[in-house]
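Chain A is the first sequence line, chain B the second, and so forth, proteins listed ahead of strands; every chain is numbered from 1.
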Number of protein chains: 2
Amino acid sequence: MTKNTPEKIVSLSKIKMACQSCSLYQLCLPLGLHGEDLERLEDIIKRSHPLKKGATPFHQGDKFEAIYAIRSGSVKTYTIADDGSEQITGFHLPGELVGLDAISEDNHPCTAKALETTSYCEIPFHQLEDLSGELPSLRHQLLKIMSKEITHDANLLMLLGKKTADERLASLLLSLSSRLSNRGFSATEFNLSMSRNDIANYLGLAVETVSRLFTRFQDQGLVKVDGKFVQILKNDDLKAMISECVQSDPKMA
Amino acid sequence: MTKNTPEKIVSLSKIKMACQSCSLYQLCLPLGLHGEDLERLEDIIKRSHPLKKGATPFHQGDKFEAIYAIRSGSVKTYTIADDGSEQITGFHLPGELVGLDAISEDNHPCTAKALETTSYCEIPFHQLEDLSGELPSLRHQLLKIMSKEITHDANLLMLLGKKTADERLASLLLSLSSRLSNRGFSATEFNLSMSRNDIANYLGLAVETVSRLFTRFQDQGLVKVDGKFVQILKNDDLKAMISECVQSDPKMA
DNA sequence: CTCATTTATTGATTTAGATCAATACAATTA
DNA sequence: TAATTGTATTGATCTAAATCAATAAATGAG
């Protein structure tokens, strides 16, 4: 792929994105668009070379030019504070959009890094914004995706603010499981593309704690873990973990 | 004001919102709109009666109809998990929009509650969405505000995931201070409209811890606290607290 | 005003998870 | 292949913050 630039033997018309034929259509930006409208969106979308593991499509502070839709692979986003400490703000799977947080300041508040070989579509934002003026369903879908991100973050806040280490890991595993299954992958077994360190960082825990949790979850028969390969054995028990837990404070709000 | 309903003696034309004359114009949705465009936005905005303390303009699960711009007072938003536990997702000050997280599912994922007497503008969302199709700067401002919320949440994540109790409280105080000062209030002294319990919940701490922190901050001469009234004495020291702290993990990402 | 109830502060004790430390296991590279 | 470096697991110890417990202020209702 990198050696003999085979793009040259592919007809130009094929290089153009075909969202219609993309398995992620219903999860991604073009949802709700058809016919000519969809073609207009496809016209502004650029497919780029796949990212190798560790590659960074954009860095914190970079001028905001485009948002990125993941086609395959996975990406983490993280911010680095003044003191150099890092906080991972998300793990992103195929069909998800990355970079929307850059609109506000017109530069990226976080860095994105491929956790494995990752292909993606690049959508120049100003063109998208203009086009969204003309296409109500594109406009709505964009707002919807952003709104979803806000909700997702709020859930994560709940996770970090209130939950125990067990519940945090259970939440992450269940989130990955359900998102992967929405994308046509197995809900019960998958490879974690991120390191234990990344998981710990994201969940606000120490690596050692994450490691111990995996061991314990396995001892409890909840999961089977072999390095990055995870099998969910008792989905319901994991779910129960994250809802039963926090004994409610009956008088509040 | 509350006794003799002076609204009745104000002409109907005045009841219509006048974003131009609103001190929050440059922080709020209409930023960038002028003349006829601004009037079109004002036409869809409804000013409602002020909320009394404890009133809830919308509840978790309510169908999504409108977003709310705070004019005066303050509001907290929170979600209630299945187990009844509550997580406060934000404190909202004048000029801020509440309810944008409802777009994604078409119903509100959180409840909003007035922390004090609070006046607000109600903006029916579908009309706003339509109008944003015609007005590029409105469209952009809406995306910008949503994007800002995503960034804000990411920062909060950093706060809850990584920081110590001291840093959390310092962050909240500085955030309130700077937001209040942007809104024309004093940056150095203000009343907290939320309870210690709310603060604890929001910061993911126990009430007792928050209480002890206020005491210690005061002992250290960082602030002067009298119940809900807070004076920031050493802004710089507080700032230093939140950046020096977390000794970076040099090898990561 | 008094009484009741919520909200806040302070102290004593416990604990979940961090940190420190050592080892084991992978993955790269030469 | 061994050597190097990064990543993961496991154990021992420590500590920040939770929890438990009691009191003290506020707030609000009658």
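Taking only distance into account, the side chain of Arg168(A) never meets the base of dG17(C) through a donor-acceptor pair shorter than 3.5 Å.
Between His108(A) and Tyr68(A), the ring planes lie tilted relative to each other; the angle falls in the 30° to 60° range. Ring-plane geometry between Phe91(B) and Tyr202(B) is classed as tilted, the angle between the planes lying from 30 to 60 degrees on a 0 to 90 degree scale.
A straight line from CD of Glu208(B) to P of dT7(C) spans 14 Å, rounded to a whole angstrom. As a whole-Å value, the separation of Phe217(A) CZ from dT9(D) P is 14 Å. As rounded to whole Å, 16 Å separates atom C1' of dA8(D) from atom CG of Leu205(A). At whole-Å resolution of the value, CG in Leu115(A) and P in dT7(D) are 12 Å apart. Between Leu203(B) atom CG and dA16(D) atom C1' there is a gap of 15 Å when expressed in whole angstrom units. Here dA16(C) presents its P atom at 18 Å from NZ of Lys163(A), a figure rounded to the nearest Å. Atoms CG (Asn191(A)) and C1' (dA8(D)) sit 16 Å apart, rounded to a whole Å. Distance, Asp198(A) CG to dG6(D) P: 15 Å, rounded to whole Å.
Counting heavy atoms of neighbouring residues, nucleotides and ligands inside a 6.0 Å radius, atom NZ of Lys52(B) does not exceed 12 of them. By the neighbour-count criterion of 12 heavy atoms within 6.0 Å, atom NZ of Lys53(A) is sparsely surrounded, having that number or fewer from other residues, nucleotides or ligands.
Lys228(A) comes within 4.0 angstrom of the backbone, heavy atoms only, and of no base.
With distances taken from any side-chain atom of Ala165(B) to the nucleotides dA17(D), dT10(C), dT19(C), the minimum falls on dA17(D). Picking from dT9(D), dG17(C), dG11(C) the nucleotide with the shortest atom distance to the side chain of Ser211(A) gives dT9(D). The side chain of Arg212(B) lies closest to dT19(D), out of dA8(C), dT19(D), dT19(C).
Taking the six-membered ring for Trp and the full ring otherwise, the centers of Phe190(B) and Phe185(B) sit at least 6.0 Å from each other.
Remark: Arg196(B) is in phosphate contact with dT9(C), judged by side-chain N or O atoms under 4.0 Å from OP1 or OP2. OP1 or OP2 of dA18(C) has at least one side-chain nitrogen or oxygen of Thr209(A) nearer than 4.0 Å. For dT6(C), the OP1/OP2 oxygens have no side-chain nitrogen or oxygen of Ser195(B) closer than 4.0 Å.
Mapped onto DNA chain C by nearest heavy atom, Ala206(A) and Met194(B) fall at different nucleotides, with Met194(B) at the one closer to the 5' end.
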